[in-house]
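Encoded as structure tokens, the structure appears first; notes follow it.
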Amino acid sequence: MAIRSTEIRPILASLRKHRIPALLIVLEIALACAVLCNAVFMISQRVSDIQLPSAIDQQGLVTVSLRGTDDKLVGSDIPRNLAALRGIAGVQQAAVTTSLPLSHNNWGWSFGVSPDSAVANRKNINVSLYFLGEGGGKALGLHVLQGRFFNADEFAGSKFDTAALPETHVVVMTRTAASRFWPGQSALGKTIYSKPFYYTVVGVVDDVLRPNVYTQNTSKSYDAIYFPMSAAGSKGAFSYYILRGAPKDRDRIMREAEQKLAELNPGAVAKGKIYMDIRNDYFADMRSMAWMLVLVCAVMLAVTAFGIVGLTSFWVGQRRRQIGIRRAVGATRGQILGYFRTENFLLSTAGVLIGMLLAFGINLYLMQHYEMSRMPWYYLPAGAVTLWLLGQLAVLGPALRAASVPPVEATRSV
Amino acid sequence: MLKMNHLSKVYRTEVVETYALRDFNIDVKEGEFVAVTGPSGSGKTTFLTIAGLLETFSGGEYHLDGIEVSQLNDNARSKIRNEKIGFIFQAFNLIPDLNVYDNIEVPLRYRGMKGAERKQRIMDSLERVGLSSRAKHYPAELSGGQQQRVAIARALAGSPRLLLADEPTGNLDTQMARGVLELIEDIHRDGATIVMVTHDPELAARAQRNVHIIDGQVVDLSEEPRFHAHAGEAAQGQTL
Ligand SMILES: Nc1ncnc2c1ncn2[C@@H]1O[C@H](COP(=O)(O)OP(=O)(O)O)[C@@H](O)[C@H]1O
Ligand SMILES: [Mg+2]
């Protein structure tokens, strides 16, 4: 009802007499549409990065790193420390690990599926290695999808010798890593190689993020494998004590664990951290980037809205007499309101048409120069509709003022 | 057609109340051609704007075509202006952004008329005012006389029952004024009721009836002494 198709031709005729301001508004809307589409797309990408799933008990995990211990004594210190940690009220599981998802603490290696694969083989697949002490699977909250987790013998029998890879022959990998090594096949019982080492897959777990993630290609972010490791054979590689409890207890558990480890290991420094803080720190830059983009959108929309309000108010002021004439020859208030809303609709339409092209162009440019991915098509109409609505909202005030110009305005001499 | 009883119009500002019209009585019959005269500031324009439903009044009664107009809401008043009334103003009041054709079309569009009929009416009325060749011109490209003829064409195209003209020749030279008056007489012959405000006695003389307004009231011209007294005051006022 408000947008009047019957008014379009005379409105266009009238706009032809005000080309420059009309063009400015069209360009402003076009720019806002283009920036909005791309910025919202980037925000959505950041948000989905920030929300990358990771199948461990992220909310319930507490970590403590212990620095300054004697590596020769870890074989006895670690079991003693873990026993003490398990005594803290609310601790359901405790274990040690070399690294954690999103901890930046990456240990990468590459493996192949044929026995002659050496570490430098180009066909090899790069993965992140996690070494877990006994009970590590339960402490992290890994979900075993196929096969089993390591048994006590496998934990006890695994150790580092002189090489970087452990003296064991079992491994557990994520679902994504498994399908990368053997697409379309079950990984159970199959073997990965890095001459002279080889490991047979005994279990597949749900996807867990690597210590560092690839935000542009998220599937690579899940290529991780797990090894068992004994405390005695770990050569000081265990960087974190991990404790699992209820999320509501985690602050207290962290403080008590810090205290306990400090007491048991005089001269060493115990530093606790809630796992969610590790994760949030990892994405802190991305989060502030997303907020900055939100700000850019807000400013852009506000500037556009004020531009529309300003120009329409100016036009209403300029056209008071002509509005009076229209009222005098029979326009209702609704028809005057409709005039300005239709005019805005036409300007917005021109603006969003240019804006959608511009948005598409900006996305192509970013894809070529900044490893941006392709914006899904529906961002364009969504941006257009947003600016249409913004335009209608912005024009309402000035248009209502126009509609309240009395018909007698026509007779007032200038 | 147009009947006002004890009508008054007060303009209130913070400091003063001006009675633009007081105890104003007039009765214009269907098909009549009435000329309204009176000194400057006497209330002629005020009367016309109220008659044309451009403005509301403060007291009294006004029946237009048998309808008590103070009962009407804004939309109903707009509809009557659009369908029954044609206006001609001293300042022409065309829309500068629109060409002649589009200007004449404005009230027809508000009436919701179909495109073909609009075109027919616009071409007919342009022909009647002798401006068929100027349809694509903008008001600024026309002389004052031509602009006023466009304004008449705009009124004409809507076939109004009542034509209200406020000093339609006030801004025109005698030659052009004569042409405009002839057009108005033409419209009258077609059956429209005409109320024309003018300060030109020669033009007023061509109407069927003259109504004289002084200080917001209709003066009976037969009451010689009163009329002279007021006319004298007005004259004095002007020389000062
Ligand atoms: N909008 C207004 N506000 C205040 N006073 C007005 C207004 N319009 C007209 N008047 C006053 O009403 C009186 C009649 O004005 P008007 O009808 O324009 O006279 P005329 O057309 O006969 O010259 C004048 O005193 C004028 O100053
Ligand atoms: Mg006047």
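Below, read A as the first sequence line, B as the second, and so on, with proteins coming before strands; counting in each chain starts at 1.
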Nearest-0.5 Å distance that lies between atom CD in E167(B) and atom OG in S40(B):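 Answer rounded to 0.5 Å: 8.0 Å.
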
Return the option, out of L53(B), T45(B), D74(B), with the maximum number of heavy-atom pairs under 4.5 Å with chain A.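 Looking at each of L53(B), T45(B), D74(B) in turn, D74(B) comes out on top.
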
Which answer fits [X], side chain, backbone, both or neither, if we ask what part of it has an atom under 4.5 Å from a heavy atom of chain A?
{"X": "E105(B)", "result": "side chain"}
{"X": "L48(B)", "result": "neither"}
{"X": "R77(B)", "result": "neither"}

Decide if atom CE of M289(A) counts as having more than 12 heavy atoms of other residues, nucleotides or ligands within a radius under 6.0 Å. no

Have a look at K44(B) and tell me which of T37(B), V197(B), L21(B) forms a side-chain contact (heavy atoms from CB on, under 4.5 Å) with it.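 The side-chain contact (heavy atoms from CB on, under 4.5 Å) with K44(B) is passed solely by V197(B) among T37(B), V197(B), L21(B).
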
Among I104(B), L98(B), D102(B), exactly one meets side-chain contact (heavy atoms from CB on, under 4.5 Å) together with V100(B). Which residue is that?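 Passing option: I104(B).
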
Who wins among Q322(A), K17(A), R16(A) for the most heavy-atom pairs under 4.5 Å with chain B? K17(A)

Relative to the ring of Y370(A), is the ring of Y365(A) parallel (under 30°), tilted (30 to 60°) or perpendicular (over 60°)? tilted

